[in-house]
Structure formats: C-alpha cells, structure tokens
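Written below as structure tokens is the structure these notes are about.
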Protein chains: 2
Amino acid sequence: MLSKSAEYALRATIYIALKGSVDNKLGIDEIATAIDSPQYFTAKIMQLLTKNNRVVSSVRGPNGGFYLTDAARKLPVRAVLEAVGEDGIITKCVLGLKECSESRPCPMHEQYRSIKVQLKQMFEKTTIQSLAEETGKGKLVINNRLVKKK
Amino acid sequence: MLSKSAEYALRATIYIALKGSVDNKLGIDEIATAIDSPQYFTAKIMQLLTKNNRVVSSVRGPNGGFYLTDAARKLPVRAVLEAVGEDGIITKCVLGLKECSESRPCPMHEQYRSIKVQLKQMFEKTTIQSLAEETGKGKLVINNRLVKKK
DNA sequence: ATAAATAAAGACAAGTATATCCTTTTATCT
DNA sequence: AGATAAAAGGATATACTTGTCTTTATTTAT
C-alpha cells in the first residue's frame, strides 16, 4: 500500500504532533525509538518533511529537535505523503495505465472510482492534528506498544 | 498502489482472458506488446501465474502459449494478486503496524476500515472474466490504445 | 526421429528503496 | 569565544524490484 518511507513519515509526524511542541522539541533518536523505525533512515525522511514541504519544523543545536507549528497541525495527511513523494495512491490508475481517465477508463476503473474518491477524502480531510488526537485516545503508533498520554 | 509486477500480472491476465482460448493460445511476445510491458520480465511474471497459483495455463512448443481455463476465468482478481505476492493491500495496516487490529487500532484505522473492506470486496468479488468483458466494451488495457475486440 | 517453436529456468544487470555511517553546519549554553 | 548538542548533508552499503539475456526442457509438426 504505502512505502516504508511513507509509513515512517506518517508515524513520525503523528508522534511529533502528539508529544512535541515548540518548547518540547523531539530528537530523532526519541522519535525513531518511539515509532519503531531505523533511526538514520528516519532522519533522512525527516529532512524531506522539513525541507521540501514544510510539514515538520526543526531547529539544530542544544535543545533542538522536531516539532509542529499550529499551522502544520492543520495540514491534511496528504501533505505528508506528498513530502515523501508517495501520493500516487490517490492519483494513479490501479493498473498503472497512464492514459486511464474517465473518458478512457481501464477495466477496473468503475469498481475503483468510488474507492479512490474515499481514499482521497481520507487523506485530504483528515488532518495531522486529528490523527494525533486519535493516538491520544490510546491508538497504536508503534508496534506492540501504545503511546501513553502524559 | 500496486507493484509493477502486479500491474503487469493483471494486465496480462485480462488480455489473455479477452483474446486467448484453448485453441488460440497467446505467446509471451504478443502479450507483452499488447499490454505494453517488458517482455522478459513479463515472462517471469507469467511463471508465477502459471506455476505457484494456477491462474493462467500454458503449454510449450509450437502453437503453445498462454490461455485461461473456464474455471480460471471465474477466479477473483485477488487470485492474481496473490500469485505475485501482492495482496498486502487488502491485508496490511495503512501505517504498517503489525499489531494493528480492531482491538488495538492505529490512528488511521477507523477512517480506513470501510475503504479496506471495499478494496477487499473489489478484489474478491470481481472475477477475471468480468474484467475481460469490461475490456471488450472498449476499456483500455494498454497505454494509448484500446484493445479491439475481434 | 528430427527439427522447430515455445515456455521454463537460471544467471545476471540495472535501478530503486531502504539503511547506516561520517562530516558539516547551526544553534544553544556556559 | 569556545564547547557542545542537535539536525543537515553527503557518501556508501545492502536489499529488493525490475529488467534482460542465455540455456534448457517440452511439445508439436514434419
């Protein structure tokens, strides 16, 4: 469904939304441990999230780390996918046909149409903040463990 | 969404269902050209479809090639995905969490639940034959061209 | 029986995604 | 200013996917 990059990006962003703030920035080691992802690889992904698309904010140096602005919290989940170049799931044809469209549909087009719309809505209407709130209610963000709300 | 392997597998199977039969077996070169896929790679995928899971039938030698039995035509699209090991799309968690379940859901679980059900239904209720029939109605199976029904 | 056609199988090459490590830059604190 | 902590950036390694080529096995036709 999604690449590892996208999965880590989403998990990291949700975790940061839940546990971080401007005056409690989270380090990459904490994040990677919390979301059960490889640290160095996750660091690379954070660069995509901070640089290309301004989803996550960061500062270097002592007491530095990652956090989300209030504006960022309101971003749709899709913004995270776009940052890691993984929004094909809501843009591409199921059969991978470049020419597939409403006027020239592929054989699966009709059965997939409404699903695609719903996927799109899920990723566009759901905000990062709302996912973090779900997580706060005891939803998983990492394998085998729940993130405990402080 | 799906891997290249899965896309080629689906396109090839649909094409074979549409144009092939026991007494009109299709060669790998025809198939690959028709569905606009790399020939040798497609040949490998055909091996998965014929060997592991019995979706496609084949015979070697002169007048050999690929075709579908009547039973195979009734198989769900999911059978093709399984043959190429790509059914994670209907089995896995969106965030890639192994522990995600109804009792221990991930933050996206609720929004994704019904979509997942629909994806599952699409792949399980749609048969290979019905996709071929769609194609016969002028739907794309290859880039830039329509498959013309004989 | 032999030749020819075709898929199957195996070996390899190229490309992309994933993962790790090392160095550099930037910010903070003393 | 200097030391330190943290992310950013670059280089490399590993694994997996995708793609190609060659050889082998099998079937059919002559």
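Just so you know, these numbers use all the heavy atoms, side chains as well, and skip hydrogens, waters and symmetry mates. Residue numbering restarts at 1 for every chain, and letters A, B, ... go by the order of the sequence lines.
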Considering residues at least two apart in sequence or located in another chain, which fulfil the side chain to side chain contact (heavy atoms under 4.5 Å, CB included) criterion with A/A72? A/L68, A/T69, A/L75
Figure out the CD1/P separation between B/I45 and D/dT17, and round it to whole Å. 12 Å
With 3.5 Å as the limit, what N/O pairs link the protein to nucleotides 13-16 of chain D?
none

Whether A/Y8 contacts C/dA19 is assessed here as follows: a side-chain N or O lying under 4.0 Å from the phosphate OP1 or OP2. Is that the case? yes
When you compare the protein's N or O atoms with those of nucleotides 5-7 of chain C, which come within less than 3.5 Å of each other, and at what distance?
{"from": "C/dT6", "atom 1": "O4'", "to": "B/G61", "atom 2": "O", "distance (Å)": "3.2"}
{"from": "C/dT6", "atom 1": "O2", "to": "B/G61", "atom 2": "N", "distance (Å)": "3.2"}
{"from": "C/dA7", "atom 1": "OP1", "to": "B/I28", "atom 2": "N", "distance (Å)": "3.1"}
{"from": "C/dA7", "atom 1": "O3'", "to": "B/S58", "atom 2": "OG", "distance (Å)": "3.3"}
{"from": "C/dA7", "atom 1": "N3", "to": "B/R60", "atom 2": "NH1", "distance (Å)": "3.4"}

Can you tell me the distance, in whole Å, between the CD1 atom of A/I31 and the P atom of D/dA6? 12 Å
Take the protein atom CZ of A/R54 and the nucleotide atom C1' of D/dA7, then report the distance between them rounded to whole Å. 13 Å
Who passes side chain to side chain contact (heavy atoms under 4.5 Å, CB included) against A/Y40, sequence neighbours left out? none
In whole angstrom, what separates A/K4's NZ from C/dT20's P? 12 Å
I want to verify a distance call: between C/dA19, C/dC21, C/dA9, whose nearest atom is closest to the B/K51 side chain? C/dA9
Side chains of residues 56-63 of chain B: which donor-acceptor partners sit under 3.5 Å, not counting sequence neighbours?
none

Quick one: B/F41 CZ to D/dT17 C1', roughly how many Å, whole number? 7 Å
Could you tell me how far apart A/M46 (CE) and C/dT20 (C1') are, to the nearest whole angstrom? 18 Å
Closest non-hydrogen atom pair between A/C106 and A/L97, with its separation: CB-CD1, 3.7 Å
Within the sub-3.5 Å range, which N or O atoms of nucleotides 10-14 of chain C have a protein N or O partner, and how far apart are they?
{"from": "C/dG10", "atom 1": "N7", "to": "B/K44", "atom 2": "NZ", "distance (Å)": "2.6"}
{"from": "C/dG10", "atom 1": "O6", "to": "B/K44", "atom 2": "NZ", "distance (Å)": "2.8"}

For A/Y40 and D/dA6, give me the distance from atom OH to atom C1', rounded to whole Å. 13 Å
A/D23 meets the side chain to side chain donor-acceptor pair (under 3.5 Å) criterion, sequence neighbours left out, with A/S21
With sequence neighbours excluded, what pairs up with A/S103 under the side chain to side chain donor-acceptor pair (under 3.5 Å) test? A/S101
Contacts of type side chain to side chain contact (heavy atoms under 4.5 Å, CB included), residue A/Q118, not counting sequence neighbours: A/S114, B/S114, B/I115, B/Q118
Residues in salt bridge (Lys or Arg N to Asp or Glu O under 4.0 Å) contact with B/R78, at least two apart in sequence or another chain: B/E82, B/D87, B/E124
Side chain to side chain contact (heavy atoms under 4.5 Å, CB included) between B/M46 and B/F41: does it pass, once the steps are laid out? CA-CA 9 Å; B/M46 294 315 295; B/F41 187 53; over 6 Å; no
Sequence neighbours left out, what passes salt bridge (Lys or Arg N to Asp or Glu O under 4.0 Å) with B/E30? Give chain and number order. none
Mind checking side chain to side chain contact (heavy atoms under 4.5 Å, CB included) for B/A32 and listing every partner two or more places apart, or none if nothing turns up? B/S37, B/Q39, B/T42
Roughly, in whole Å, what's the span from CG in A/L49 to P in D/dA7? 14 Å
